[in-house]
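Computed from a predicted structure; not experimentally measured. Read the numbers this way: they start at 1 and go in the same order the structure lists the ligands and their atoms. The first residue in the sequence is number 1, and the count goes up from there.
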Amino acid sequence: MKKRLFVIGNWKMNMTRAQAKAFLRKLKVPQSARGTVGIAASHTLLPDMKFPRGVVACGQDVSAYESGPYTGDVSAKQLKDVKVQYCLVGHSERRLFHRESSEVVARKAVQLQQQGIIPIICVGETAQDRKQGKTKKVLAQQLKQSLQGVNVGSCVIAYEPVWAISTFQKTRHTQTATLKDIQEAHTYIRQVMNRQKVGVGKKVPVLYGGSVTARTSADIMALSGVDGVLVGGASLVVSSFTDIINNALHV
Ligand code: PGA
């Protein structure tokens with residue numbers, strides 16, 4: 001049976017409205033595409049984005065609060081208002097640059113679910129965690145704490161080893177996660193999810209992110225236990241993002 005895969009682009013803090021418009025005009029998603037293709041774009045871009053058929057709007061972050069005096073924050077309700085269907089929470093750039101704890105990540109995920117938006121909860125160990133043999137411990141802890149109060153039957157998990165994300169690499173392509181690294185982590189994440197709720201480990205979509213390119217995406221998506229990819233840098237170029245979407249068709 002062919003898999004139903006997720007291909008989610010994470011544009012991070014890139015693109016102006018004109019650039020986004022030009023990108024979307026060129027983006028073609030094949031009719032036969034199964035699964036979910038989405039783009040997580042900056043809040044300023046979302047209201048204007050005319051997504052081609054088969055592409056959904058995603059957010060990159062959300063407030064942990066419902067509404068009120070939280071200057072600079074954007075609420076789940078406001079994301080819903082601009083038709084966001086999925087939203088990243090706990091991306092390592094939020095955890096590290098904004099000191100977001102897993103408890104905060106959980107509150108954000110709950111806010112999203114209250115609005116019917118599916119949270120894509122990001123977890124992943126740092127290079128140091130891995131070197132110290134703490135990968136599993138860190139993943140288990142991040143998952144447990146980031147899922148407090150969250151309906152685990154209605155979320156997506158993204159495994160993004162921090163050391164493999166292009167942002168954190170000193171030299172591009174020096175440290176890409178191997179297929180074995182990815183497979184092991186995904187298997188473990190499913191075991192931990194099962195501890196949260198029996199049976200959920202099998203059902204919850206678990207995506208991989210970290211320097212995914214058109215060249216590597218097919219092998220990654222073909223791994224058992226991998227339900228798709230979260231793509232940063234390669235999602236900013238129409239041709240490479242399109243190639244990744246097309247690769248998903250053949251897995
Ligand atoms: P990258 O980013 O593909 O550029 O490594 C992935 C991410 O941070 O989601």
When you check the side-chain N and O atoms of Gln183 and Tyr208, is any donor under 3.5 Å from an acceptor?
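No, no side-chain donor-acceptor contact under 3.5 Å.
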Classify the side-chain pair Asp181/Thr178 by whether it contains a donor and acceptor separated by less than 3.5 Å.
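On atom types as modelled, these side chains qualify, holding a pair under 3.5 Å.
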Is it the side chain (CB and beyond), the backbone, both or neither of Asn10 that lies under 4.0 Å from ligand 1, heavy atoms counted?
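Side chain only; the backbone of Asn10 stays clear of ligand 1.
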I'd like to check which ligand 1 atoms, numbered from 1 as shown, lie under 4.0 Å from a non-hydrogen atom of [X].
{"X": "Ser211", "result": "1 (P), 3 (O), 5 (O)"}
{"X": "Ile165", "result": "2 (O), 5 (O), 8 (O)"}
{"X": "His91", "result": "7 (C), 8 (O), 9 (O)"}

Within 6.0 angstrom of Glu66 CD, more than 12 heavy atoms from elsewhere:
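Open: at most 12 neighbouring heavy atoms sit under 6.0 Å from CD of Glu66.
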For ligand 1, is there an N or O atom under 3.5 Å from any N or O atom of Gly233?
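Yes, there is a polar N/O contact under 3.5 Å.
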Could you tell me if any non-hydrogen atom of Gly209 lies under 4.0 Å from any atom of ligand 1?
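So Gly209 does not count as touching ligand 1.
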Would you say Gly210 touches ligand 1, if touching means a heavy atom closer than 4.0 Å?
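Right, Gly210 reaches ligand 1.
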Val105 and Leu79: same hydrophobic cluster, using ILVMFWY side-chain contacts below 4.5 Å?
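Result: yes, single cluster for both.
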Measure from atom 4 (O) of ligand 1 to every heavy atom in Ser235, Pro161, Ser166, Ala234 and give the option owning the shortest one.
Ser166
Can a salt bridge be assigned to the pair Lys108 and Asp61 using a cut-off of 4.0 Å between side-chain N and carboxylate O?
yes
Salt bridge Arg94-Glu100, side-chain N to carboxylate O under 4.0 Å
yes
